[in-house]
Amino acid sequence: MKYVIRALLYLVLVAPLALFIVYSFTEGWFFPAPFPSEWTTTTFQRAMDDPRTLGGMWQGFVIAVIVSLLSLILAFPAARALGLRQFRGRQIAWLVLFLPTVVPPLAIGMGLNILFLRVGLAGTIMGVSLAHLISTLPYTVFTLSSAFARYDENYEHQALALGASPAQIFFNITLRMMTPSLVVATLFAFLVSWSQYLLTLLIGGGKIITLPVLLFTAASGGNPSTIAIKSLLFILPPALVIAFTARELNRHGNDIREQY
Amino acid sequence: MKYVIRALLYLVLVAPLALFIVYSFTEGWFFPAPFPSEWTTTTFQRAMDDPRTLGGMWQGFVIAVIVSLLSLILAFPAARALGLRQFRGRQIAWLVLFLPTVVPPLAIGMGLNILFLRVGLAGTIMGVSLAHLISTLPYTVFTLSSAFARYDENYEHQALALGASPAQIFFNITLRMMTPSLVVATLFAFLVSWSQYLLTLLIGGGKIITLPVLLFTAASGGNPSTIAIKSLLFILPPALVIAFTARELNRHGNDIREQY
Amino acid sequence: MLKDFSLSINDGEMVTLLGPSGSGKSTVLKLIAGIEQLDNGDIRFDGESILQTEPNKRGAVLMFQKSYLFPFLNVEENIGFGLKMQGVAPSVIQGEVKRMLSLIGLPGIEKRKVGQLSGGEGQRVALARALVTQPKLLMLDEPLSSLDTSVRMNLQAAIRDIQRELGITTIFVTHDLSEAMAMSDRMAILLDGEVTAYDKPETLFHRPPCVRSAKFVGVDLFLEGEASGGWLDAADVGRVRLNDESKVGRSVFAIRPEHIRIQKEETENSLAGVVQSCLFRGEALEVQVRLGELTTRVRLPMPAPMFAHGENVFVQLPAEYLFEVAA
Amino acid sequence: MLKDFSLSINDGEMVTLLGPSGSGKSTVLKLIAGIEQLDNGDIRFDGESILQTEPNKRGAVLMFQKSYLFPFLNVEENIGFGLKMQGVAPSVIQGEVKRMLSLIGLPGIEKRKVGQLSGGEGQRVALARALVTQPKLLMLDEPLSSLDTSVRMNLQAAIRDIQRELGITTIFVTHDLSEAMAMSDRMAILLDGEVTAYDKPETLFHRPPCVRSAKFVGVDLFLEGEASGGWLDAADVGRVRLNDESKVGRSVFAIRPEHIRIQKEETENSLAGVVQSCLFRGEALEVQVRLGELTTRVRLPMPAPMFAHGENVFVQLPAEYLFEVAA
């Protein structure tokens with residue numbers, strides 16, 4: 001029974017990828033035909049020759065890295081306060097943090113766009129990155145703060161009593177204890193930023209083109225092979241990142257399990 | 001200090017709303033002018049007369065209610081298993097559940113559209129609702145499962161030993177203990193569904209028009225008053241729902257606090 | 001978890017399962033309550049297997065270290081919960097709740113909220129909630145472990161009284177030797193999923209049957225050797241006189257720490273030793289003495305002189321207190 | 001939390017803070033360690049206030065109920081942590097760790113992972129980690145509370161030995177009377193943030209100065225009345241003979257439960273009572289007796305006869321064991 005479930009899960013994960021691959025390297029596979037009639041790399045070639053494809057991947061990657069870094073730097077102290085301390089206004093802080101996931105990004109994006117146009121951030125990589133923070137921060141803060149809620153400050157108190165300075169404690173104890181959650185939080189931030197479509201479009205104003213933007217344009221066009229190739233390029237990096245961190249996630253399985 | 005922070009938070013929450021209200025009832029308020037030159041209800045009247053506005057709100061509301069119900073029904077057993085049980089493949093289950101928040105809804109939406117076109121669900125309220133589940137389920141499962149992670153099954157064991165049947169236990173103990181989290185989970189599901197733009201557009205295929213869809217169209221148009229009115233109509237229901245449940249959230253403050 | 005577990009309990013008897021954490025005590029209760037499933041074996045009430053009976057029909061109630069009073073119900077609703085689930089009329093429930101509250105010594109708190117109860121009151125109410133359904137078997141899983149000493153001692157006496165008065169068959173689980181001895185008609189020592197001894201508390205305390213059980217009831221000194229003609233040749237420490245002259249062959253004898261004496265001069269059955277530590281324990285002085293390869297605790301009744309670390313003494317083992325244990 | 005707290009500790013002394021949960025014991029240690037901030041008052045080492053000293057420079061180490069060994073370091077790295085933070089050379093650290101491991105009786109486990117240690121071993125390693133930095137003050141916050149009885153008793157003796165050997169000034173916090181008495185040169189009873197008694201364990205056990213302290217060390221019977229000419233007129237129970245003939249006026253006398261005797265016939269200083277319960281406690285029999293309005297516990301050394309619930313008896317209070325306490 002367990003194996004059946006496991007097999008089903010892998011099928012769900014792998015099947016779309018396989019389908020995308022097939023569509024990417026074939027032409028003219030239409031509905032009633034059981035197999036594609038022709039295999040070809042021309043569509044793939046064409047997509048890769050289009051400078052917007054690689055450019056979009058590169059810009060998306062740069063933005064995702066900036067966003068991940070900023071998310072961690074901002075989320076860490078906030079998550080520590082939310083996870084460890086009891087203070088008045090804590091619930092309001094949570095509410096504000098979760099508003100972006102609940103209030104439509106569309107409304108936020110339009111407001112931000114007006115603001116960013118004024119300060120010259122609209123259409124820049126920095127502007128788009130800052131906008132992405134709105135979607136990534138809830139995830140990173142949530143992940144880290146649920147780890148902090150289970151974090152026992154007495155480890156730090158021990159180190160303090162043993163003569164460690166605050167900086168020594170931060171690097172030798174706090175960061176070491178939080179490593180698994182930091183990995184998960186970074187993963188979340190990277191992937192959410194990588195997949196952002198709406199905010200990129202609104203703030204980027206046509207100047208910042210990432211893969212999701214290209215994919216949406218292609219989706220309107222309608223050539224299944226083009227869509228499949230861009231989807232493949234789009235899904236591969238997240239899949240690789242997940243695979244890469246899966247070992248880490250598994251190794252710290254217990255920590256992660258406790259976290260949720 | 002606390003009051004300053006609190007005032008700032010309220011400002012962040014209330015200021016956009018006020019701005020939208022001002023824009024809704026004025027015409028010709030352009031940048032350098034400190035105050036709007038003219039107050040009017042004609043734009044508001046015009047927007048309300050447009051049958052698409054009220055129709056969009058109604059359709060969005062119906063979809064959000066269906067989505068909330070389905071989310072709860074599906075999430076409850078899943079969250080219980082994820083929160084309470086230790087089983088192999090638990091991490092994989094989490095991964096699959098979180099994929100939709102990480103893998104772009106764009107890719108998912110396009111895949112679903114192909115499927116729904118085949119089975120006749122594309123362009124229907126049910127189809128759009130099912131698609132929305134992909135975005136709401138992670139939230140509801142997450143909220144409920146973190147409550148279940150702190151849930152002590154011994155309350156149920158007590159009831160069992162006292163002679164309560166499984167059904168009696170479910171209604172008298174489990175649901176009562178989980179009430180605060182169920183409220184929060186419903187709120188999340190409702191709001192996420194209400195704000196969905198991309199999946200509604202893709203699956204609705206122009207037949208299901210909700211407010212976010214209208215808002216995006218208006219945003220392309222560019223009349224600030226029209227945008228403001230639609231934004232207002234868009235943001236008011238979430239604001240009201242949050243205000244309505246705020247009391248509940250506060251009353252169960254401790255439960256909620258423990259939950260995160 | 002449970003290896004070789006077999007226990008029979010008489011009607012109306014109070015039996016304690018005593019064992020360290022992780023010995024499988026709670027598992028036994030959960031199996032009976034139907035919260036966990038038995039892999040193999042049987043559980044019988046009055047000779048009939050209950051394994052096929054639904055857990056909520058077994059008539060076996062459970063009480064834990066935490067009271068698990070339902071936080072959304074008041075005291076009356078909590079106590080009446082079981083009866084309400086069985087469809088008993090509200091007026092009858094009211095009467096039963098009143099009766100139970102006076103039984104547990106807390107009359108008149110029907111409308112109290114659960115959060116307003118102290119730890120001890122909470123456990124009393126939980127007991128009332130368990131008893132009101134008139135179960136065939138009452139199971140108490142360390143119900144007093146989180147209470148302060150004085151509350152705990154009062155509740156020990158109260159539970160014992162109520163159990164005797166109602167004559168309800170009871171299994172009490174604890175890791176505390178003193179509590180177990182006070183609470184039971186018979187007491188089973190559970191070590192690593194195995195019952196190593198099952199007898200009256202007095203018997204187990206003074207004459208534990210085997211080394212493992214003896215260690216658990218506080219015996220510290222075991223002399224192993226060849227017995228013959230009323231003497232034991234203990235390899236580690238020397239010859240010791242026994243009361244039992246008929247005993248022959250390899251055997252292990254033990255003695256309780258409070259029966260050992262410390263003296264300055266050598267007499268019969270005295271062994272040379274060196275004091276390791278000497279701790280004041282109120283009613284007694286606890287002295288650790290090294291005897292060759294062995295170390296033993298000695299409990300001397302107060303008043304007693306303190307001994308210095310490293311002091312040379314003789315430890316006297318009165319022959320009448322030496323008893324044999326299985327290895 | 002702490003109300004009227006003042007305590008001075010001599011160099012090299014081991015002092016126990018004894019109190020129930022919530023009495024503020026741990027707060028004292030956290031204030032000294034600098035984990036919590038003092039509202040008003042002062043903390044002095046050798047006469048100098050340490051309030052302005054940074055917490056990590058105070059030389060006061062803390063050990064908790066949990067070992068809090070860093071899970072990502074092995075035993076050697078854990079013990080050496082403090083020295084490493086102070087920039088001590090690795091070769092020196094290695095030697096010190098070795099010395100500490102033999103001091104705590106666990107030589108050769110340098111490379112062991114923290115997860116492979118038993119509860120008792122973990123606490124020993126935590127002790128080594130605390131001691132290796134040669135602190136001025138060692139603070140132990142219920143370090144043995146989560147250990148099984150036998151491990152706990154061994155560690156009590158071990159900690160006491162190590163403390164005496166190193167002569168390190170130590171504050172030990174516990175809620176367990178027996179542990180407190182065994183572990184301290186002097187013992188402070190802390191109730192509701194207030195020190196109600198501070199003296200040698202023997203003195204506090206046998207002659208607690210006030211009713212609250214007396215209750216905490218297990219005294220149960222307090223006779224309040226008018227004293228004159230060697231007699232106490234206790235309103236609740238009658239006239240009782242005192243050893244001290246000079247005592248005059250309103251006063252409270254108390255007696256320890258193990259000094260009370262139970263007999264069938266009336267004699268001097270015997271009070272009529274009714275047996276409430278009778279519990280076997282191994283070395284002693286614990287009898288609850290109602291004396292008019294009062295109820296008292298009596299501890300009779302074994303062997304003793306069991307008493308039935310409701311039995312009429314006389315409780316004898318030997319005059320030499322009655323002592324006065326402040327109300």
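In what follows, chains carry the letters A, B, and so on, assigned in the order in which the sequence lines appear, proteins first and then strands, with residues in each chain numbered from 1.
More than 12 heavy atoms of other shown residues, nucleotides or ligands fall within 6.0 angstrom of atom CD in B/E153. Within a 6.0 Å sphere centred on CZ of B/F61, heavy atoms belonging to other residues, nucleotides or ligands number 12 at most. Shown here is C/N10, whose CG atom has more than 12 heavy atoms of other residues, nucleotides or ligands within 6.0 Å. Taking a 6.0 Å sphere around CG of C/D11, one finds it holds 12 or fewer heavy atoms contributed by other residues, nucleotides or ligands.
Both the backbone and the side chain of B/I173 come within contact range of chain C, judged by heavy atoms closer than 4.5 Å. Interface remark: C/L69 contributes backbone atoms only to the contact with chain B (heavy atom separation under 4.5 Å). When heavy atoms are compared at a cutoff of 4.5 Å, C/F64 approaches chain B by way of both its backbone and its side chain.
In this structure, B/S165 OG and C/Q86 CD are separated by 11.0 Å, a value rounded to the nearest 0.5 Å. Here the CZ atom belonging to C/R58 is positioned 8.5 Å from the CG atom belonging to B/L160, to the nearest 0.5 angstrom. Distance CD/B/E156 to CD1/C/I35: 10.5 Å, rounded to 0.5 Å. Here the CD-CG distance, from C/E77 to B/N172, works out to 11.0 Å after rounding to the nearest 0.5 Å. The CZ atom of C/F72 sits 6.0 Å away from atom CE of B/M177, with the distance rounded to the nearest 0.5 Å.
Counting all heavy atoms, side chain and backbone alike, B/D152 lies closest to C/K66 at OD2-NZ, 4.3 Å. Summarising the geometry of B/A161 relative to C/A60, their closest heavy-atom pair is CB-O, 3.6 Å, with the distance given to 0.1 Å.
One N or O on the side chain of C/N56 and one on the backbone of B/A164 form a donor-acceptor pair closer than 3.5 Å. Without hydrogens or angle criteria, B/Q158 side chain to C/L62 main chain gives a donor-acceptor distance under 3.5 Å.
Between B/L162 and C/R129, the closest side-chain pair of non-hydrogen atoms falls below 4.5 Å.
Ring orientation note: the planes of B/Y155 and C/Y68 are nearly perpendicular, at an angle over 60° on the 30°/60° scale.
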